[in-house]
Amino acid sequence: MENEGEKFEAVAVRDGRIVATGTSEEILRISTEDVIDLKGKTVLPGFIDTHQHILSYTEGLQSVNLRETKSFDEAKNKIIERVMDTPSGKWIKGVKFNHEDWDFPILPSKKELDEISTEHPILISRYCMHVHVANSMALSLAGIDKNFKPSAEGSVEVDQNGEPTGVLWENAVTPLLEIIPDPLGTYEDKKNAVKEVLKDMSSYGITGVTPIQGKFCDAMEYIGMYQDLEKENSLPVRIYVSFDEYPVFGMKSGFGSDMIKYGFYKIYSDGSLGSRAAKLFEPYYDMPNATGVLNYSQEDINEMVRKAYDMNLQIGIHAIGDKGLDIALNAIENVYYKNPKPDYRFRLIHVMVLNENLIERLKSLPVVLDIQPKFVSSNVKWSEQRLGKERAKLSYPWRRLIDEGLVLTGGSDSPVEPYNPMLGVYAVVTRKNLEGYPPQGYYPAQRVTVYEALSMYTKNAAYASFEENIKGSIAVGKLADFIILDRDPFVVECDCLKDIVVEKTYLAGRDVYTRS
């Protein structure tokens, strides 16, 4: 993956590093303890997922999984099953529903959840984690009534009488999350759950991940947990953990080891497109009275960016809507053009709805775009409805952004999407959902090549964390993080990319996963 089309027959590894690449004849001249004949299998650098919420994913496994439901009634029945096994007064939490997949794609309200139970507080969260629905008991316990003042304007839906309907966007859900009992009650519970998830990631070829804390939506992270796992020899992936709060003791981005580093400071500008919380300049095409939700004012984000920039922290900003991105760029321009710093790499996360002005501004800044390739696959059926045809032309415009010279990385935003990187590669190469819709792809002119897609999860991802000199490609001197695939992604039909399976995963030359 150093350069497109470049490949070698063999590689030599010693002490966790790559010491040579070349022909089999050349490599076999090197003195070695072990020779592995792959019989022509494809070897790639290990995948790096640049955006996950790992602990949130593990906690979600304890909740009612609504991901595959095709109607609210089906979701309702799953919640009822949990209610039947849960004592009165205990919380019921449902996760990962996508109302756009339902036969009637409408968000439920507290009324529908009250029909399930008025003796249990109930909260269900859309898979994007940016919109939630609570029943009356849950709202009452959290003190969310007609007098409640959310910090983000418009983040609580109210009826004509000013009463909350139960629909909550962004950090309006925080009062509920603060009182829901932790499903993984002890530190050991959390650590063991994370350990099992990281082990599973190895089976998909993931050798590096960026866990990101989202405190307002209860997506917590603990750097010490990964340190403990490393001490126990139970850490099969490299960690670049990031937080939405400032570090103490003057710690800077990159502090740590090749296994665990402190990453960037995270800011949440707006919400998600599917929940209509992404902030747009113009109203949503399918909801003319809505333009989305901002978590902070322009002044607030300016100050957050300024403080982090002065602390020499890498900065990552969640920005999905065009207005959300505009606000993020205003804040970045405000500090960078006044005081340019060498080799600074701002990270803009998601970046799904753009316009020509925003693209020109991006080109002038030292930014890396952390996109979620699988989003285009999951969202093909409704994105144009949200935006209208004109804006949709520049939604998920990955081909255009690559052609403009911007660096794009690949992440899953797990638990929002599955963390199998090959699903993301398939998504940006075909721009279809997993069922093959639409046959020609969503705005197919924005398709990228297989090499470009794989680069998002390898060399580009390493660049985003200032680690391009030690990982992200198979080259002499780099860490021996690599994977063996059952098929060559450069040869198979594009529609088969999603079906490629990882046979082995190596971290620092050590076998951390073998397919049984």
Side-chain angles (χ1 to χ4, degrees), residues 50-51 128 130 152 154 169-170 212 214 244 264-285 290-306 308-309 314-337 344-373 375-376 379 383 386-388 390-411 413 416 443 446 464:
T50 56
H51 188 116
C128 64
H130 288 273
W169 286 278
E170 301 305 310
I212 300 173
D244 57 344
F264 56 81
Y265 170 64
K266 172 76 179 287
I267 300 169
Y268 291 82
S269 172
D270 60 352
S272 74
L273 191 62
S275 67
R276 299 187 185 86
K279 189 65 175 177
L280 303 178
F281 278 110
E282 301 296 331
Y284 280 85
Y285 187 77
T291 60
V293 175
L294 285 176
N295 287 304
Y296 305 98
S297 68
Q298 179 72 73
E299 292 72 24
D300 287 340
I301 290 184
N302 285 353
E303 178 57 23
M304 294 160 79
V305 169
R306 184 203 61 76
Y309 192 73
Q314 189 179 31
I315 299 167
I317 307 178
H318 164 121
I320 289 182
D322 49 13
K323 179 61 176 177
L325 179 57
D326 173 69
I327 285 175
L329 291 180
N330 288 340
I332 290 171
E333 290 166 342
N334 186 52
V335 295
Y336 182 73
Y337 289 141
Y344 201 88
R345 302 175 193 180
F346 295 96
R347 299 174 73 142
L348 289 164
I349 301 164
H350 307 309
V351 197
M352 287 159 56
V353 184
L354 294 97
N355 58 42
E356 293 294 342
N357 173 262
L358 293 172
I359 292 173
E360 287 302 311
R361 292 164 69 189
L362 285 170
K363 289 163 55 180
S364 302
L365 291 165
V367 295
V368 176
L369 309 184
D370 290 337
I371 71 163
Q372 288 59 55
F375 280 7
V376 69
N379 303 350
S383 290
R386 289 284 187 278
L387 300 169
E390 202 55 40
R391 275 184 302 194
K393 292 176 184 176
L394 284 179
S395 61
Y396 323 91
W398 313 141
R399 167 82 276 134
R400 170 71 184 281
L401 295 177
I402 291 172
D403 289 344
E404 295 286 4
L406 290 154
V407 176
L408 277 61
T409 80
D413 204 1
V416 177
Y443 291 86
Q446 295 295 343

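We number each residue from 1, following the sequence as shown.
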- Passes side-chain contact (heavy atoms from CB on, under 4.5 Å), Leu354 versus Leu401? Steps please. CA-CA 10 Å; Leu354 294 97; Leu401 295 177; 4.2 Å; yes
Please confirm whether the backbone N or O of [Y] pairs with a side-chain atom of [X], one donor and one acceptor, at under 3.5 Å?
X      : Y      : value
Arg345 : Val368 : no
Arg391 : Glu282 : yes
Arg386 : Arg276 : no

- Note on the structure: Paired with His350, the side-chain contact (heavy atoms from CB on, under 4.5 Å) test is passed by just one of Leu325, Asp413, Asp270, namely Asp413
Taking the side chain as C-beta and beyond, is there a heavy-atom pair between [X] and [Y] under 4.5 Å?
X      : Y      : answer
Glu356 : Leu394 : yes
Phe375 : Leu273 : no
Leu369 : Leu362 : yes
Ser364 : Tyr337 : yes
Val416 : Gln372 : no
Ser269 : Leu294 : yes
Ile315 : Tyr309 : yes

- Charged N to carboxylate O below 4.0 Å: is that the case for Asp326 and Lys323? yes
- Message: side-chain contact (heavy atoms from CB on, under 4.5 Å) for Lys279 and Ile327? Distances and angles first, verdict last.
- Response: CA-CA 10 Å; Lys279 189 65 175 177; Ile327 285 175; 5.5 Å; no
Value rounded to 0.5 Å, distance of [atom1] in [X] from [atom2] in [Y]:
X      : Y      : atom1 : atom2 : value
Gln298 : Asn330 : CD    : CG    : 4.5 Å
Tyr396 : Asn379 : OH    : CG    : 3.5 Å
Leu406 : Trp398 : CG    : CH2   : 11.0 Å
Thr291 : Leu280 : OG1   : CG    : 7.0 Å
Leu408 : Leu348 : CG    : CG    : 10.5 Å
Phe346 : Gln314 : CZ    : CD    : 9.5 Å

Taking all heavy atoms of [X] and all of [Y], pick out the closest pair and write down the distance.
X      : Y      : answer
Ile317 : Ala328 : CG2-CB, 3.7 Å
Gly410 : Pro373 : CA-CD, 3.9 Å
His130 : Ser275 : CB-OG, 4.0 Å
Ser272 : Ile320 : CA-CD1, 3.8 Å
Gly154 : Val293 : O-CG2, 4.0 Å
Thr50  : Ile212 : O-CD1, 4.2 Å

- Just do the side-chain contact (heavy atoms from CB on, under 4.5 Å) check on Asn295 and His318 with the steps written out, would you? CA-CA 10 Å; Asn295 287 304; His318 164 121; 5.7 Å; no
- Task: Could you tell me whether Glu360 atom CD has more than 12 heavy atoms of other residues or ligands within 6.0 Å of it?
- Result: yes
- Message: Atom OH of residue position Tyr285 - does it have more than 12 heavy atoms of other residues, nucleotides or ligands inside 6.0 Å?
- Response: no
- Lys266 NZ/CZ over Tyr268 ring centroid, <6.0 Å and within 45° of normal: yes
- Item | Chi angles and distances behind the side-chain contact (heavy atoms from CB on, under 4.5 Å) call for Ile359, Glu404 | CA-CA 8 Å; Ile359 292 173; Glu404 295 286 4; 4.1 Å; yes
